[in-house]
2 protein chains.
Amino acid sequence: MADQDTHVVLARLLRLRDRREPLVAQIAEWVGAGIIEGRLAAGQDLNSVDLSRRFDTSRTPVREALMVLEQEGLVEMKARRRPRVAAPSLQDIRDIYQVRRRLLSMLAALLVERATDDEIAELRGRVEKMRGLADEGDVDAYFWGHVQLQERMTEIVGNATLKQILDSLALRTLMLRHLSLTRPGRLAYSVDDQERLMQACEERDGELASALIAGATVRALRSVEEQIQEQEAGRKPSRRRRTPPT
Amino acid sequence: MADQDTHVVLARLLRLRDRREPLVAQIAEWVGAGIIEGRLAAGQDLNSVDLSRRFDTSRTPVREALMVLEQEGLVEMKARRRPRVAAPSLQDIRDIYQVRRRLLSMLAALLVERATDDEIAELRGRVEKMRGLADEGDVDAYFWGHVQLQERMTEIVGNATLKQILDSLALRTLMLRHLSLTRPGRLAYSVDDQERLMQACEERDGELASALIAGATVRALRSVEEQIQEQEAGRKPSRRRRTPPT
DNA sequence: AAGTGCGATAGTGTCGACACCGTTGTGTCC
DNA sequence: GGACACAACGGTGTCGACACTATCGCACTT
């Protein structure tokens, strides 16, 4: 997927269209994409002076953009302290996935209940495209395809509150999922999960769909946990933790 | 409950402590409380000039406070348009309650699983106090007691993400619940629900606790729906949407 | 008389400046 | 040499000003 598309999807997830000035949107997209792609490391300072210089604006729109990202959990702000890229603890991540699992299973049940056959066929089409991307090993494209698939599902279900919360949780896990999907074999598992889910939807089996999506979420969390443990292990030689946990 | 306590609880729900400057917090509390108490009507304009004059500050902290309230769904902001008190549609309200029901039932299950006996006893104590308030017909005090009860439950469960989302959903329904609890008999039903929930917790019956809290949520929605329909009916004689000012 | 275009008004978004505070590097004392 | 105080720096929060635009009233048209 091209970079522009990335920004379009991000703009939707951040609900920037019409809600924010283009200038603010641009900054929020750039920083948000940077966090998700790993260009900006977790815990890194995001001082508004540097950012305003980079975008050749004053600090006002920068502050606003950072507040947008804060509310999506990508940035942490404390009064009078420099904003930082969010660094969720392992416990935070588990909590997020636990809620996400519950809401995704709600989503699946509602999807089976409310989606028309045409809409399910459309989703199936998306999953097939994702299968192609997975086979090619195009992690990035698969990654964003996954995001858009969930986005479409929430649209079909038509519960705005549910959509907003799931979008927000998705953003929080995006940087993690980006890592976790890179793990060998993970991509294939993921696409298998999606295909099983589609089948359950086609058979209008809400219970099964719920269970499948919950299972897939649990597996995603496992994958993220393993990834983090490997990172921890790899970082261990460097000894001291310069920044103590908040 | 005294007004100061209201503001303390609101400050917690809005996560203002340490996250925002006191000035911003003060404004957000005042406006937020105004919305919940009905002093500020749904759909009403909230222009930042008036507010900045009222608090004798510039518009910058006012804008920030309004953004805080926007993220909690109490205020609607569109670029270049005046911020307004949120006016959720009936469908929005149903969506919110649907998600809330699902997450509260998750909360109840986790509560049964994780709370110590002491903590459950503490919750029981709170409910008993609420029974007293309900008998006295002190709607406001009961109202905030209810909010604090849920707040405490989410704390005990210890899932920060779940707490944050439930707090936000609670805020969105607060103005509605304020109305709905005023309905005759509603208070007694509500306290009965809470007592049954406590009993299920004491018996460590997670399934039952989940079902009870879900049922209570459905009843709360019903009550809100009735209230809204009555309001609609009462407004119908005036017919035209046109506002006749002079 | 209702609809349309235009100007006045009021409110938003952004800016650069300034005061205050957190951070960091340095010097001092033991 | 290490702990502490302190000063210089860097960054945040707030302000008042200004440009831009949504909104509203008003004259004009049909």
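Just so we're on the same page: letters track the sequence lines, and every chain starts at 1.
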* **Nucleotide D:dT12, atom P - distance to CZ of A:Arg84 in whole Å** => 13 Å
* Asked: With sequence neighbours left out, what residues match B:Glu21 under salt bridge (charged side-chain N to carboxylate O under 4.0 Å, His left out)?
  -> A:Arg80
* Whole-Å distance separating the CG atom of B:Asp56 from the C1' atom of D:dT14 -> 13 Å
* Asked: Who are the salt bridge (charged side-chain N to carboxylate O under 4.0 Å, His left out) partners of B:Glu151, not counting sequence neighbours?
  -> B:Arg12
* Asked: Can you check the B:Arg82 CZ to C:dT9 C1' distance for me, whole Å?
  -> 11 Å
* Footprint string (nucleotides 17-22 of chain C, 5' to 3'): B base within contact, S backbone only, - free, heavy atoms under 4.0 Å -> B---SS
* **Qualifying residues under salt bridge (charged side-chain N to carboxylate O under 4.0 Å, His left out), relative to A:Arg114, sequence neighbours excluded** => none
* Asked: What salt bridge (charged side-chain N to carboxylate O under 4.0 Å, His left out) pairs are there with at least one residue in residues 89-104 of chain A, not counting sequence neighbours?
  -> A:Arg94-A:Glu225
* What residues form a side chain to side chain contact (heavy atoms under 4.5 Å, CB included) with A:Glu119, not counting sequence neighbours? -> A:Ala115, A:Thr116, A:Ile156
* Asked: Just how far, in rounded Å, is C1' of D:dT12 from CZ of A:Arg53?
  -> 14 Å
* **Nearest heavy atoms of B:Val85 and B:Ala42, plus distance in Å** => CG1-CA, 3.7 Å
* Asked: In residues 13-33 of chain A, what residues come within less than 4.0 Å of DNA chain C, judged by heavy atoms?
  -> A:Glu21, A:Leu23, A:Val24
Identify every side-chain donor-acceptor pair in residues 25-36 of chain A under 3.5 Å, counting partners at least two apart or on other chains, and give the distances.
{"from": "A:Glu29", "atom 1": "OE1", "to": "A:His7", "atom 2": "ND1", "distance (Å)": "3.2"}

* Is it true that A:Glu70 and B:Arg19 have a side-chain N and a carboxylate O under 4.0 angstrom from each other? -> yes
* Take the protein atom CZ of B:Phe55 and the nucleotide atom C1' of D:dC15, then report the distance between them rounded to whole Å. => 17 Å
* **From D:dT14, C:dG16, D:dT12, nucleotide with atom closest to A:Ser58 side chain** => C:dG16
* Among residues two or more places apart or on two chains, list those pairs meeting side-chain hydrogen bond (donor to acceptor under 3.5 Å, both in side chains) that have a residue in residues 165-175 of chain A. => A:Glu72-A:Ser168, A:Lys163-A:Asp167, A:Ser168-A:Arg172
* Can you name the residues that form a side chain to side chain contact (heavy atoms under 4.5 Å, CB included) with A:Arg82, not counting sequence neighbours? -> A:Asp45, A:Asn47
* **Neighbours of DNA chain C within residues 44-52 of chain B, by heavy-atom distance under 4.0 Å** => B:Asn47, B:Ser48, B:Val49
* Structure fact -> A:Met77 atom CE is separated from D:dT12 atom P, nearest whole Å, by 8 Å
* With B:Glu122 via salt bridge (charged side-chain N to carboxylate O under 4.0 Å, His left out) - residues at least two apart -> B:Arg126, B:Arg152
